[in-house]
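Everything below concerns the one structure shown next.
Numbers restart at 1 for each chain; the letters A, B, ... are given by sequence-line order, proteins then strands.
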Amino acid sequence: MSIPKEYIPHEIESKWKSAWNESIYYFDWNENKRPQYVIDTPPPYPTGNFHIGNSLNWCYIDFVARYKRMRGYNVMFPQGWDCHGLPTEVKVEEINGITKNQVPRAEFRRLCEELTSENIKKMRETMLELGFSTDWSNEFVTMDPSYYVKTQRSFVKMHEKDHIYQEEHPVNWCPRCETAIAFAEVEYESRYTNLNYLHFDKLKIATTRPELLAACVAVAINPEDKRYNDYIGKAIKVPVFGQEVKVISDDNVDPSFGTGVVMICTFGDKQDVRWWSEHNLPLRKAIDKNGYMTAIAGKYEGMTISECKAAIIGDLESKSLLYDQEHMEQNVGMCWRCKTPIEILSEKQWFVRINPDEILSTAEQIEWIPEHMKVRLQNWTGTMEWDWCISRQRIFATPIPVWYCRKCGQTMVAKEEWLPLDPTQNNPPVNCECGSNDFEAEEDVLDTWMDSSITPLHVSGWLTRDDTLLPTQLRPQGHDIIRTWAFYTILRSMSLTKIKPWDTILINGMVLGEDGHKMSKSAGNIISPDEVIANYGADSFRQWAAVGGTPGSDVMYRWKDVISASRFLQKMWSIYRFSMTHLENFDFDKNKRNLKELPLVDQWVLSRLNKVVISTTKSMDQYQFDEAFKQLRGFIWDVVADNYIELVKSRLYGEDIDDKLSAQYTLYTILNILIRMLAPFVPFISEEMYSRMGFETSVHLSEWPVGYKGDIDDDIEQQGELIKDIVASVRRYKSEAGIALNAPLKKIEIYATIPDIRDIAGATNSKVECMPGTPDFDYVPVEIKANMGVIGPKFRKKAGNIISKLNELDPKVAHEQISHGNLVIEVDGEEVELEPEALVIEKEVMSGGREVDVLDVKGIVIVIVK
RNA sequence: GGGCCCGUGGUCUAGCUGGUUAUGACAUCGCCUUUACACGGCGGGGAUCCUGCGUUCGAAUCGCAGCGGGCCCA
């Protein structure tokens, strides 16, 4: 079987993509021999584009999933799709040239489902290209009845526990989307606005929102503010509209802002809501759900907010009530989808009761990687001021299974066994307590987070199996949305099961473009994973994901990283090709060797290999993929390719059968272990190499190698390193002297005892001899240095002076002294005695006129006889 | 305004439980067709380890302050 010289990723990757049987990645629900490892894969929003940020996240997941399988876990790496939401509604309206109210609800929903299915298909394809070991038998789609029945049942269960309730309460409202939104959906942006100074009856106030004068319900001052003390408790008249409001005092009024007098409206901002509830103020709604002024705005009724603002300012000016304006910066809350400034309206909505303490204590029981990301959740949790508003005024979402009796007004929440259902399509199967069967359906639907915050429950078999697998072992997620998914999911999991959703959270960073900015459409620095695969293949892309940065840190996308990754594949392939041609007729099972029987160089490389296995395993266990892969790559390139192979070539090409078999045994062992460790990172090339070695099962069903501490021998390693260094040094010598690298030298004399010099002779193509004693040359000590590891702790404060004293010494004299015993020097008038271990003496060897060259390798003299 | 993270050759980065010679990749320059690989090998140049103060015999590493960047939030 000949192995092509060039590694062509496209051919190999597409071959395996179609050859692989995906069922090898299925989670086995019916076995209990292996420990479970369930991954709560984040369900992406099906935009149709599986972007590079997803890809980074999924590479991490796949590294873990493949690694854990090889370590003997029963792994579930499911894939879900978080379908519901506004962007799809908008897209459907765009594609079909309609608005959602022009077609029946069911029809509109069907159009959304269709588009979503197409998008899922596209994204699945990219995931397959990238070689993810997804368990497609556990795929879930939140818009399917089989999934949203769980969302609905969770609603009913939480309602029964009083964790969900309906109430009129201020909510964040997007007038463009005509829906309530949660705090998590509010984005803040700095904008400029005018601060308007108004005559307000006897007082002067400053406000950025004069259009809300009609909604003014009080005026507030700081109790410490002497200027206005007399007004507290008095009533004053609101200009233009004439309603009488009370002057109240509150510590939160900043006397230095504006005039120190603030008008309170229902509602200009969050602070208004706080004051409104603390001081039990009345409610005046001046803005309706569509963003128009209401009847209480009098002649301004029906205007938009900005029209009203302009009109009122004009009127105030003409009545000389506006006496000053100041340009100022202001942070405006906006809808994260459409960037329309949000309003705070009081509406009847459904809420989930939040329990910050429970969320915080649960977060403590979860391992966060990196640890500091937990703080973000804690900070966010601490700022929650009111409950989570879960009702939305949209169509493409999970329906709220509720009706209202038209006769008596009673709310009927569906029974779990009726679900799934859409109340706008089905009537309840029973009559109301009052006997009526005339119901009005709840048209509001659920926030999509109600779907996606139960994914760990869903993948664990909650409501479909007697036992759930909770907690799941891992949730991988980007750090941009910690506040939402972590908060909501912990909340739901605790409310519904009292079990934490995950053991571990693995956070990934954002992907930055080559310009250093977060990759985004608006920045125009987008690279798609498909583009990278088309050029260099999935294995190269995956290496970028592994070594681009530590999990949690942002990772810059760089073409050159992918290019060097593809070079590594070629290098590995070349090592493999070389090895395999020397292993053609080698039977591993018949030629097993005991470690100690092997030549020194083989023992050395195997000792190093065991160390790499142990440290790579440790890095994988800590999710440090960059460390793990760099160790592998470094070992393969530096140790195996540049040194080990060069050292054993002569044995592989030589006549000595036993020497040759030892090298073959060692090479085979190295390959077998390295290929399996590469498998989680570069699944395609690993499979190709593994299968060509004659294994019938997939490398992805093999076991992760075990490193044995007992096979690590520091003495052997030291001797092996010396051999490696001597050969490298001779290679360098030849290179610098212009001698062909395979040209023989007359003789190489090594002034040290090395038990096994056959590979030195082989690699240098020269006669090698270990010489007894010291060479017949003059040593010239050139420098005397302090060994700080010894001197520092021993002499403390004196160490500094000892160093400067040592620098003054003549290295020759010092060396003379130290060769007879300890070095005694005078420091600060005291005699200090230094042991040989405390010093390092650098020497040069003079060739003294002999017709030879002399090399120095770690203090050992090598004589080259030309 | 608050919180978290980060600042290391031209670029990106390792080290950061303190030990004097700071890792690697990419880029750059020079040499080499050598029984796997020129998508390779060997060698070279290139760093005020953001700044300042402090702790210490000794600081890239620990502390404080400042400057700069990123992210999350208000």
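Pairs engaging residues 561-571 of chain A under the side chain to side chain donor-acceptor pair (under 3.5 Å) rule: A/Arg558-A/Asp561 [sequence neighbours left out].
Summarising the geometry, the separation between CD on A/Glu371 and P on B/C5 is reported as 11 Å, rounded to the nearest angstrom. The interatomic distance linking A/Met510 (CE) with B/C5 (P) rounds to 17 Å, in whole Å. Counting to the nearest Å, the P atom of B/G70 and the CD1 atom of A/Ile482 are 19 Å from each other. Between the OH atom of A/Tyr733 and the P atom of B/C32 there is a distance of 18 Å, given to the nearest Å. At whole-Å resolution of the value, NZ in A/Lys560 and C1' in B/A25 are 8 Å apart. Look at CG on A/Asp561: it is 12 Å from C1' on B/G24, rounded to the nearest Å. Whole-Å rounding puts the A/Met556 CE to B/U13 C1' distance at 11 Å. In this structure, the NE2 atom of A/His372 is 6 Å from the P atom of B/C5, given to the nearest Å.
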Checking A/Met572 against A/Val682 for the side-chain contact (heavy atoms from CB on, under 4.5 Å) test, could you report, in this order, the C-alpha distance in whole Å, the side-chain angles of both residues, the deciding distance, and whether it holds?
CA-CA 11 Å; A/Met572 184 66 217; A/Val682 284; over 6 Å; no
Derivation of the salt bridge (Lys or Arg N to Asp or Glu O under 4.0 Å) call for A/Asp638 and A/Arg608:
CA-CA 12 Å; A/Asp638 303 336; A/Arg608 295 279 314 255; over 6 Å; no
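A side-chain donor from one of A/Glu364 and A/Gln378 sits under 3.5 Å from a side-chain acceptor of the other. Side chain to side chain, A/Asn508 and A/Asn57 meet the donor-acceptor criterion of an N or O pair below 3.5 Å.
Shown here, B/G1 forms a base pair with B/C73; the pair counts as Watson-Crick or G-U wobble because both key distances fall under 3.5 Å. With a 3.5 Å ceiling on both atom-pair distances, B/U34 lacks any Watson-Crick or G-U wobble partner. In this entry B/G68 has B/C6 as its Watson-Crick or G-U wobble partner, both defining distances falling under 3.5 Å. B/G43 is paired with B/C29 under the criterion used here, namely a Watson-Crick or G-U wobble arrangement in which both key atom distances are under 3.5 Å.
The ring of A/Trp637 has its center no closer than 6.0 angstrom to the ring center of A/Phe635. Separation of the A/Tyr623 and A/Tyr60 ring centroids does not fall under the 6.0 Å cut-off. Taking the six-membered ring wherever Trp is involved, the centroid distance between the rings of A/Phe568 and A/Phe629 falls below 6.0 Å.
B/G46 and B/G9 have their P atoms separated by 15 Å, given to the nearest Å. The same atom, C1', is picked in B/G10 and in B/G54; the two are 34 Å apart, to the nearest Å. Distance check on atom C1': B/G15 versus B/A47 gives 15 Å, rounded to whole Å. For the P atom pair drawn from B/C50 and B/C16, the interatomic distance equals 16 Å after rounding to whole Å. Distance noted for atom P between B/U56 and B/U61: 16 Å (whole Å). Remark: the separation of the P atoms in B/C12 and B/G69 is 15 Å, to the nearest Å. If you take atom C1' in B/U51 and the same atom in B/C67, they sit 7 Å apart, rounded to whole Å. One C1' atom belongs to B/G45, the other to B/G1, and the distance between them is 48 Å to the nearest Å.
Of the candidates B/G3, B/A74, B/U11, the closest approach to any side-chain atom of A/Lys270 belongs to B/A74.
Heavy-atom distances to RNA chain B give each of A/Lys630 and A/Ile481 a nearest nucleotide, and the one nearer the 5′ end belongs to A/Lys630. Toward the 5' end of RNA chain B, the nearer of the two residues A/Thr550 and A/Asp480, judged by each one's closest nucleotide, is A/Thr550.
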Nucleotide-resolved protein contact map, nucleotides 33-44 of chain B, B/S/- at heavy-atom distance under 4.0 Å
-BBBB-BSSSS-
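In this structure, A/Asp602 pairs ionically with A/Arg651, as a charged nitrogen and a carboxylate oxygen lie closer than 4.0 Å.
Counting any heavy atom pair closer than 4.0 Å across all strands shown, A/Asp626 reaches no nucleic acid atom.
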